[in-house]
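Here's the structure we're looking at; comments come further down.
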Amino acid sequence: MSITVQSNLYNFYGIRTQLDVFSKIFKNGKLEIKSNGTIREIRPPCPKCDSQDTYYNGSDNVTPSILRNFGLTIRFGHYGCNGCGHTWELSRESLKILREALSQWILNIICDLYENHLSNKQISNHLKGVHSIQLSEDRVEQLIDIHIRKIKEEPINYCSGIVIYDEQHPKKNGDCVYRLTGIDAITGKVLFDLRYEDKTGKTKIKCLKQELSKVDIEFMIVDFARGYPKILKKAISKNVKIQGCLFHLAQLIVKDFKTLKERFSKYKRLPLQQLYNMYLMLNIFYDHTADLKKLESLIKALTQRKEGLDLNKTISKDERDKDLRKYELKLIFSFAAHLKLRELMARRVHCKITEPPLREYEDTKKIFDGLKFEGDFLPEEAKERLKMMGKNWDMLTLCQKDKRVPPTSSKIENYYKNTLKAFQKRKVRSDRAVENRLKISKLSRNGQIWKPTVTLVDIFNLVSWMVCFFTPV
């Protein structure tokens with residue numbers, strides 16, 4: 001059946017592919033468009049006696065409140081037969097389709113806002129202020145919960161064999177719960193992201209055995225939590241090799257030096273010599289040669305200043321010490337500016353990696369041995385850290401011996417940062433809220449579509465092939 005619609009409805013996206021819908025609504029294919037924009041069927045045949053002697057008998061306004069806010073009106077016409085007296089109206093199946101699309105569109109908005117970490121109250125206020133949609137906070141939470149429960153996670157069919165494992169401690173109503181996560185280090189897909197009420201070693205062992213048994217693992221990357229060696233020994237196969245996160249090792253080294261009492265208390269800065277010692281430790285695995293050279297030049301400038309003040313007999317010892325402290329602080333701030341400039345230059349050349357490059361194993365071994373046997377000048381905290389590194393040497397250098405293994409667990413840290421931010425850990429109020437957050441985080445990371453795909457353009461597309469008109473101005 002051929003149907004011709006001479007109106008601006010052709011301007012709507014996809015209208016030509018939807019003409020079959022008109023044929024279901026308008027049986028005889030004869031339409032008229034009135035001056036006010038109304039589209040209606042001319043003399044539709046009687047569905048009872050098939051007579052053509054029919055007449056138009058008014059219409060019902062069935063516009064949903066959401067479309068009414070957009071200035072749209074939808075009417076379904078009534079018709080009568082002069083022959084048998086039968087009356088009828090157009091089928092409302094298309095209205096059901098539109099209502100379902102509107103519901104999916106609203107849910108799409110809610111899911112977008114929820115994914116961007118807006119609270120239920122903020123989502124409710126946004127719907128009311130922008131779209132004139134009245135939904136309470138409880139109703140918003142209910143819609144999100146119902147939708148997420150319906151989604152089935154697609155199984156992970158491939159694993160590179162390199163897994164990053166870490167933990168996070170979000171809070172439910174202020175009470176701590178425990179999040180255990182494993183991510184494929186190559187593809188970045190989430191293998192498991194589970195929540196537990198307790199953090200005992202038995203719980204971790206059970207989780208790791210259950211989840212890691214589903215995939216083949218060759219390497220595993222972890223941080224330096226104290227209980228990990230015993231737990232991993234019981235939870236994973238002996239053939240799995242473990243790499244310690246070098247980023248967390250660097251954090252521990254910096255923390256060791258932060259505990260030193262020899263500091264500028266006002267600015268909480270390390271003296272130049274201790275700053276130099278700290279970078280000697282960091283230089284073991286990453287190439288900080290440029291930073292060390294900068295610090296050497298600053299220490300040399302400080303020594304020259306000190307020698308010049310020693311030759312000046314006109315100033316007192318207190319004035320000399322005050323001048324040296326002030327000058328040393330100036331040099332420390334200049335080193336901070338040096339680090340900042342290096343980072344800005346890396347960004348300017350569109351380089352994503354701003355940290356120094358990882359050393360080769362032979363260079364790392366040589367520097368470590370030098371500090372271990374000749375590092376009497378290092379503070380006690382740094383010497384203890386060197387002993388710890390010696391005990392875990394194979395775990396720290398696996399990434400240098402096998403280039404497939406990444407040196408850090410940065411992917412899982414970025415995943416935590418982008419899914420459940422630190423300031424939001426205390427905002428979740430129920431078990432379901434925590435589980436919903438974890439589930440959508442995993443779905444988004446794995447590239448699985450979990451939000452409705454209906455847009456406002458789709459809504460107007462549906463409206464364009466219904467018996468409708470734009471409200472006259």
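Remember, it's a predicted structure, so these values are computed and weren't measured experimentally.
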Hey, can you tell me if F335 and Y279 have their rings parallel, tilted or perpendicular (30° and 60° cut-offs)?
->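 Rings of F335 and Y279: perpendicular, as their planes differ by over 60°.
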Could you check whether the rings of Y56 and Y79 sit parallel, tilted or perpendicular, using 30° and 60° as the cut-offs?
-> perpendicular
Drop me the distance from [X]'s [atom1] to [Y]'s [atom2], to the nearest 0.5 angstrom.
X: L208; Y: K204; atom1: CG; atom2: NZ; result: 9.0 Å
X: F219; Y: I242; atom1: CZ; atom2: CD1; result: 12.0 Å
X: N120; Y: N125; atom1: CG; atom2: CG; result: 11.0 Å
X: C84; Y: D53; atom1: SG; atom2: CG; result: 10.0 Å
X: Y286; Y: T364; atom1: OH; atom2: OG1; result: 10.0 Å
X: F224; Y: M389; atom1: CZ; atom2: CE; result: 8.5 Å

Which pair of non-hydrogen atoms, one from [X] and one from [Y], has the smallest distance, and what is that distance?
X: I236; Y: L212; result: CG2-CD1, 3.7 Å
X: L194; Y: C207; result: CD1-SG, 3.8 Å
X: A290; Y: H338; result: O-NE2, 4.4 Å
X: D193; Y: T181; result: OD1-OG1, 3.1 Å
X: C81; Y: C49; result: SG-SG, 3.6 Å
X: P406; Y: Q243; result: O-CG, 3.8 Å

Quick check on [X]: does its [atom1] atom have over 12 non-hydrogen neighbours (other residues, nucleotides or ligands) under 6.0 Å away?
X: E360; atom1: CD; result: no
X: K403; atom1: NZ; result: yes
X: N414; atom1: CG; result: yes
X: F247; atom1: CZ; result: no

Is the backbone of [Y] close enough, under 3.5 Å, to the side chain of [X] for a donor and an acceptor to pair up by distance?
X: S213; Y: K209; value: yes
X: K411; Y: I186; value: yes
X: K189; Y: D184; value: no
X: R359; Y: N283; value: yes
X: S124; Y: L135; value: yes
X: E218; Y: G161; value: no
X: K439; Y: I151; value: yes
X: S136; Y: R139; value: yes
X: D145; Y: E141; value: no

Is any side-chain heavy atom of [X] closer than 4.5 Å to a side-chain heavy atom of [Y]?
X: I148; Y: Y114; answer: yes
X: I146; Y: K150; answer: yes
X: M281; Y: F257; answer: yes
X: R179; Y: Y416; answer: yes
X: Q400; Y: L246; answer: no
X: L339; Y: K294; answer: no

Could you give me the CA-CA distance, side-chain angles and deciding distance for C46 and W88, then say whether side chain to side chain contact (heavy atoms under 4.5 Å, CB included) is met?
-> CA-CA 9 Å; C46 176; W88 72 96; 4.3 Å; yes
Between the side chains of D287 and T289, does any donor sit under 3.5 Å from an acceptor?
->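 Yes, side-chain donor-acceptor contact under 3.5 Å.
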Distance-only donor-acceptor check, side chains D166 and Y415, under 3.5 Å = no
Hey, mind stepping through L191 and E211 against side chain to side chain contact (heavy atoms under 4.5 Å, CB included) and telling me if it holds?
-> CA-CA 8 Å; L191 302 177; E211 297 299 329; over 6 Å; no
If you measure from the Lys or Arg side-chain nitrogens to the Asp or Glu carboxylate oxygens, is any gap between D394 and K241 under 4.0 Å?
-> no
Contacts of E413 that satisfy salt bridge (Lys or Arg N to Asp or Glu O under 4.0 Å) - sequence neighbours left out =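 None.
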Could you walk me through whether H78 and T87 pass the side chain to side chain contact (heavy atoms under 4.5 Å, CB included) test, one step at a time?
-> CA-CA 7 Å; H78 291 268; T87 58; over 6 Å; no
Pairs where residues 108-123 contributes a residue and the test salt bridge (charged side-chain N to carboxylate O under 4.0 Å, His left out) is met, not counting sequence neighbours = D112-K451, E115-K451
Taking only residues two or more places apart in sequence, or in another chain, which ones meet S119 in a side-chain hydrogen bond (donor to acceptor under 3.5 Å, both in side chains)?
-> Q122
